Each structure stands twice: as C-alpha cells, then as structure tokens.
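The structure appears below as structure tokens.
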Amino acid sequence: MSFGAGQDDDALRSAWQRFCSQLQQAGERAFKDHNPATPLHRADAFRFLTQNLGQAFDLALETRDTQFPALHAFCGPGRKLGGDAADLVYQQAWIDGTSVYRISGHKGTARFLNFTVQGPRPEHQPGTDVPSLHQPFGDIPEANLFGHQLQTDTGGNFELYIGGAQQGANWLPTTPGSRKLFLRQGFDRWDEQPARLRIERVGMSEPRPLPTPQTMIAAMDWAGDFVTGLMRDWPDHPYQYGAPVVDAINLNRFPGSAGGDAADARRGRAIAHLCWQLATDEALIIEFDAHDGFWMLSNAGVFFNSMDYLYRPVSYTPSRTTVDGDGKIRLILSHDDCGYHNWLDTQGFVRGNITYRALLSNAATQFGTRLVKRSELSAALPADSAKVTPAQRIGQLHARFDAIRQRYAML
C-alpha cells in the first residue's frame, strides 16, 4: 500500500538536509588550529562532537516541551560539554515563566548543591560586546537556592517549587523570561551520595502531545545550531573573551587569583584557569596554599571537555589531596604516572586546560607553577611530598571508578 507524498515532506526533507549540512560543517572544526594535529587530539575532537550529537535532540526535542518538563543530564562520563568539571554533576530542565513546577526527591550528601533559574539568552552578555555562548548556555541567572538553604525532613526528603506564588522556604521565583532550571551537585569525598530528583509541572492532566512536522523542523534547526555552535565556541569563545581568567597565550600559568564575573558570583563560584602545553619529557607543578572551603580542580582537553574522570586521576578536591609540610598543595601534571599522590594525568594529550573552582567562597587563591623536566621532578618537590605505590594507585583508581558510577547511577 502506498500513501503517496505527505504535505510536509518537502519541508521535513529540507530541514533534515540543513541539519546534515550543519553537522558536516561542525566536523570540519575538528581540524581548527587550536586543536593539535596528533591522533589523540583529532579523535577527541570528533568524540566531543559525536557525544553531543547524541544529545542534540534530547535538548531540542525530547525534553524541550516546558509543559512536560524533564531533568536532563547534559554532562557525564560519556558526554562532556560547556567546560564541565569532573566533580560536578549537571542537569537542566526547560521551563517557562508562567507555569509552576515541583521538584521532589532526596537531597543526598554532596558537599555542594545549587538550583538556578536561568532567564533570557541575549545576543550579547549584558553591558558587554561579548556574544553569548552557544545554546543551551548564555542565559542569565535570575534566582538561586543552595543546598544549605534547602529545608528537608529528617530523612533528607524535600519538595521545591519553581514559579507561581511563594510556597514556603523551598521556592524559586520566575519571570516572564525564565527558560531553564540549572542544577549542580559538587562532590568532595568519594562516599558522598548524589541527590535523587524528579520534576513535574503542577497541574499536568493529559499525555504529552506527539511531535508534529513543525516541531521536528524546529528541533532539527535547533540541533544544527547546537552542533555547529559547540564546535565553533570551544575553545575559541573563552580564549577570545575569557580574559582575565583565561590566557591562551602565556601557557602553563594561571593569569591571576580565582575570580569571575557577576554571573559566576550569582552561581556561587570563583574560577581560575590555566592553559597548558607539555612535552613528553616535561612535568608541570601547580602549587597553592591549602585553605578552608570547598574547591575543585579539573583537567580538560582542548575543547574544555573534562578528561576521562571515570578511569583516570584528572581531578582533585580537598578531601582527596595531600598537603606538603609547608602547608602547600602541589599537583603534578605529567604524561606518565610520576608516583606522587597528587598526580594529574594528561591522558596522552600535549595541550589542555585546567580549571580551578572555589564554590561558595570568595577566597583569593594565589597559584604558582613550575615547568620542569620529568627526570628532575623529585628534586623540584619537597622531600615530604606524598608518594604512592603501584598498588595504592590501583586502589585510588578503583575508589574513583566506584564513586563516579554511584554519582551517575551507572550499572
């Protein structure tokens, strides 16, 4: 039986061809000058693209209807985006400014928890000539609730309302321009339990409607802009507009102390960034004073995509870091296991990015770096810098593997 041509066939075909063309254009950006022409770097660029190709229509279609909200984990061990940190779990839900939403679940025990209502996404960031980052980023924080402000019962269970009239302490206001709920959980110890959350729109009474051809066309257009935008903006956008935090010219050093813009302050963070480049016979020592507060440091590839934190020691937090006798933390970036507790793996890359985040703190952390020959590393470090045996390293890696799987409910 033949049903003949559909009335929307031409429009659907045209939209799909546009998307495929944009995907092809995105792939060409794997060869950009910022990405070293090594096999691992080239492969990682296409891995970054295909990981996000896999979620393009989750964002553009499957979770897009604000009348039927869904929490979407847009980063994880198998999907990296947006300068993600290895020890933060990120989720988002598309919302609107007229509906009322309810998040319920268990708070968990992560050291940092934050719910942010994000408002309009302007073409340029307010008061600047800086173009907004690609979708789904670039929108402006409107309202915040942190984990220590969240009221729970004795078992850690809670309900949080978003939008509408205020409903107790667990409430976030929205505006006519509100478009997204952004959730972050920050982990310090390996035994911290993740929050278990679900979202619904108050008053849902009917099934979600099926996508129409017009819905699919809009989703294809959004997804095409998404894949081209992410390959265009990383690392170019932070390299061009990230000063003074990001300095892509003067490698292997932090431009200054931890800081950030007004949006960072509203999100409860201060950041510092280092662009690194390392020869096979070199190591980079990063040092700063141990201090109170919650910080995390993550190693990332050229596209600001966090490295393989499920299997490799590419991130550190206070509880998982040793402090030398002089009160300083020293992290050692090298291509092979240097035998020190605070080893940062490069996973074979010759260039990358390291980001330090201080959460719920405005501490002005000062950083020092020293580029040394790998063979001279022991002479460059204090005699009491903690070392590990091969067996201890394996134990560290297993602890990491188990904890990351727990955070993401991986089987």
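From a predicted model like this one, the values you see are computed outputs, not experimental measurements.
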Legend entry - NZ/NE/NH1/NH2 to OD/OE distance under 4.0 Å, R253 and D247: yes
Inset, instruction - Check whether any side-chain N or O of Y101 sits under 3.5 Å from a backbone N or O of T66 as a donor-acceptor pair, and report yes or no. - result: yes
Inset, instruction - Mind checking the CZ-CD spacing from R320 to Q396? Nearest 0.5 Å is all I need. - result: 10.0 Å
Inset, instruction - Verify the neighbour count for atom NZ of K387: are there more than 12 heavy atoms of other residues, nucleotides or ligands below 6.0 Å? - result: no
Legend entry - Derivation of the ring-ring contact (aromatic ring centres under 6.0 Å, His included) call for F31 and F46: CA-CA 10 Å; F31 307 102; F46 280 102; 5.7 Å; yes
Inset, instruction - Under the side-chain hydrogen bond (donor to acceptor under 3.5 Å, both in side chains) rule, what do R400 and S315 come out as? Steps first, then yes or no, please. - result: CA-CA 10 Å; R400 170 180 290 273; S315 67; 3.3 Å; yes
Inset, instruction - Check for a donor-acceptor pair, side chain of Q277 on one end and backbone N or O of A279 on the other, with a separation under 3.5 Å. - result: no
Inset, instruction - For the residue pair S319 and D188, confirm or rule out a side-chain donor-acceptor distance under 3.5 Å. - result: yes
Inset, instruction - Could you tell me whether the side chain of L331 reaches within less than 4.5 Å of the side chain of I354, counting heavy atoms only? - result: no
Legend entry - Validation row: F303, R29 side chains within 4.5 angstrom (heavy atoms): no
Inset, instruction - Begin from the C-alpha positions of D58 and T63 and carry the test side-chain hydrogen bond (donor to acceptor under 3.5 Å, both in side chains) through to its verdict. - result: CA-CA 6 Å; D58 289 337; T63 68; over 6 Å; no
Legend entry - H398 atom NE2: more than 12 heavy-atom contacts under 6.0 Å: no
Legend entry - Donor-acceptor under 3.5 Å (R79 side chain, A73 main chain): yes
Inset, instruction - Without swapping roles, check the side chain of R370 against the backbone of A380 for a donor-acceptor pair under 3.5 Å. - result: yes
Inset, instruction - Determine yes or no for a side-chain-to-main-chain donor-acceptor pair under 3.5 angstrom, with K80 supplying the side chain and M307 the backbone. - result: yes
Inset, instruction - Evaluate the salt bridge (charged side-chain N to carboxylate O under 4.0 Å, His left out) criterion for residues D191 and R189: first the C-alpha distance (whole Å), next the side-chain angles of each, then the deciding distance (0.1 Å), finally the verdict. - result: CA-CA 5 Å; D191 62 352; R189 304 184 318 274; 2.8 Å; yes
Legend entry - Separation between OG of S298 and CG of N305, rounded to the nearest 0.5 Å: 12.0 Å
Inset, instruction - Taking K180 for its side chain and Q92 for its backbone only, find out whether a donor-acceptor pair lies under 3.5 Å. - result: no
Legend entry - 4.5 Å side-chain heavy-atom contact, F158 and I103: yes
Inset, instruction - Could you grab the distance from atom CG of L297 to atom CZ of F288, nearest 0.5 Å is fine? - result: 6.0 Å
Inset, instruction - Measure from the ring center of Y316 to the ring center of Y356 and say whether it is less than 6.0 Å. - result: no
Legend entry - Stepwise side chain to side chain contact (heavy atoms under 4.5 Å, CB included) test for H341 and Q392: CA-CA 9 Å; H341 181 283; Q392 289 171 327; over 6 Å; no
Inset, instruction - Taking the side chain as every heavy atom from C-beta outward, state whether Y311 and P77 have any pair of such atoms under 4.5 Å apart. - result: no
Legend entry - Approximate separation, where rounding is to 0.5 Å, of E28 CD and L23 CG: 11.0 Å
Inset, instruction - Indicate whether the side chain of R102 and that of Y161 have a donor and an acceptor atom separated by less than 3.5 Å. - result: yes
Legend entry - Over all atoms of both residues, closest heavy-atom pair of M216 and L12: CB-CD2, 4.1 Å
Inset, instruction - Establish, from distance only, whether the side-chain atoms of D129 and H124 form a donor-acceptor pair under 3.5 Å. - result: no
Inset, instruction - Could you check if a side-chain atom of L397 sits within less than 4.5 angstrom of a side-chain atom of P313, using non-hydrogen atoms only? - result: yes
Legend entry - Residues, nucleotides or ligands: over 12 heavy atoms within 6.0 Å of Q24 CD: no
Legend entry - Pairing residues for F57 by the ring-ring contact (aromatic ring centres under 6.0 Å, His included) criterion, not counting sequence neighbours: F19
Legend entry - For the student: nearest non-hydrogen atoms of F294 and P318, plus distance: CD1-CD, 4.1 Å
Inset, instruction - Could you tell me which non-hydrogen atom of R330 sits nearest to which non-hydrogen atom of E287, and how far apart they are? - result: NE-OE1, 2.9 Å
Legend entry - Heavy-atom closest pair, residues D84 and C75: CB-SG, 3.7 Å
Inset, instruction - Scan side-chain atoms only and decide if N342 and T322 contain a donor-acceptor pair under the 3.5 Å cut-off. - result: yes
Inset, instruction - First locate atom CD of Q185, then atom NZ of K107, and finally report the distance between them rounded to the nearest 0.5 Å. - result: 11.0 Å
Inset, instruction - Would you please say whether a donor-acceptor pair under 3.5 Å links the side chains of T317 and D87? - result: no
Inset, instruction - Would you sort out whether N353 and T355 count as a side-chain hydrogen bond (donor to acceptor under 3.5 Å, both in side chains), showing the intermediate values? - result: CA-CA 7 Å; N353 296 276; T355 303; over 6 Å; no
Inset, instruction - Could you tell me which residues satisfy ring-ring contact (aromatic ring centres under 6.0 Å, His included) with H237, sequence neighbours excluded, listed by chain and number? - result: Y241
Legend entry - CD1-CZ distance between I217 and R18, expressed to the nearest 0.5 angstrom: 7.5 Å
Inset, instruction - Could you go through the salt bridge (charged side-chain N to carboxylate O under 4.0 Å, His left out) check for R179 and E142 one step at a time? - result: CA-CA 10 Å; R179 70 168 207 150; E142 293 183 326; over 6 Å; no
Inset, instruction - Would you indicate whether the side-chain heavy atoms of L310 and F401 approach each other to under 4.5 Å? - result: yes
Inset, instruction - Check whether any side-chain N or O of Y90 sits under 3.5 Å from a backbone N or O of A85 as a donor-acceptor pair, and report yes or no. - result: yes
Legend entry - D33 atom CG, neighbour heavy-atom count above 12 within 6.0 Å: no
Inset, instruction - Answer yes or no: is there a side-chain heavy-atom contact under 4.5 Å between F48 and M231? - result: yes
Legend entry - Partner residues of P36 under the side chain to side chain contact (heavy atoms under 4.5 Å, CB included) criterion, sequence neighbours left out: T38, H41, V302, V350, R351
Inset, instruction - Taking the side chain as every heavy atom from C-beta outward, state whether V227 and N52 have any atom pair closer than 4.5 Å. - result: no
Inset, instruction - Ignoring hydrogens and angles, tell me if any N or O in the side chain of D324 forms a donor-acceptor pair with the backbone of G327 under 3.5 Å. - result: no
Inset, instruction - Would you please say whether a donor-acceptor pair under 3.5 Å links the side chains of N170 and E159? - result: no
Legend entry - Non-hydrogen atoms of A272 and F367 that approach each other most closely: CB-CE1, 3.6 Å
Inset, instruction - Would you kindly say whether H72 and W94 are connected by a side-chain donor-acceptor distance under 3.5 Å? - result: no
Legend entry - Heavy-atom closest contact (Q22 atom, T228 atom, distance): O-CG2, 3.1 Å
Inset, instruction - Take D96 and Q67, measure what side-chain hydrogen bond (donor to acceptor under 3.5 Å, both in side chains) needs, and give me the verdict at the end. - result: CA-CA 8 Å; D96 59 61; Q67 297 294 290; 3.2 Å; yes
Inset, instruction - Ignoring hydrogens and angles, state whether a donor on the side chain of E123 or S132 is under 3.5 Å from an acceptor on the partner side chain. - result: no
Legend entry - Qualifying residue for salt bridge (charged side-chain N to carboxylate O under 4.0 Å, His left out) with R393, from D336, D337, D345: D337
